Amino acid sequence: MVAILAAVFFAIALIMDLADVTATVGPSAFIAAGLLCMALHLAGIGTRRPVRNGRRWSYRR
């Protein structure tokens with residue numbers, strides 16, 4: 001889930017860079033947000049975690 005959010009941030013940064021949009025929040029802010037989301041994804045934040053459910057392991061949704 002967090003990786004999808006990172007992809008959206010990267011897409012917004014690319015569109016802003018290609019369109020030469022000058023705003024208070026520039027493309028570099030979206031790149032930094034995308035990198036933060038990717039780091040959280042690689043750390044395991046936002047992924048499904050296994051849960052012990054009786055005798056079996058299941059995944060929480």
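As a basis for the values below, the full set of heavy atoms in this structure was taken, side chains included, without hydrogen atoms, waters or symmetry mates. This one's a predicted model, so the numbers in the text were calculated from it and none came from an experiment. Residue indices begin at 1 and follow the sequence shown.
Cluster annotation: Leu5 is connected to Phe30 through the hydrophobic network of ILVMFWY side chains, with a link wherever side-chain heavy atoms come within less than 4.5 Å. Under a hydrophobic-cluster definition in which Ile, Leu, Val, Met, Phe, Trp and Tyr are linked whenever side-chain heavy atoms come within less than 4.5 Å, directly or via other members, Ile31 and Leu40 are assigned to different clusters.
Here the CG-CG distance, from Leu18 to Asp20, works out to 8.0 Å after rounding to the nearest 0.5 Å. Put simply, NE2 on His41 and CG on Leu36 are 13.5 Å apart, with the number rounded to the nearest 0.5 Å.
Side-chain contact between Phe9 and Leu35 is absent, with no heavy atoms from C-beta onward closer than 4.5 Å.
Across every non-hydrogen atom of Ala6 and Cys37, the tightest pair is CB-CB, 3.6 Å.
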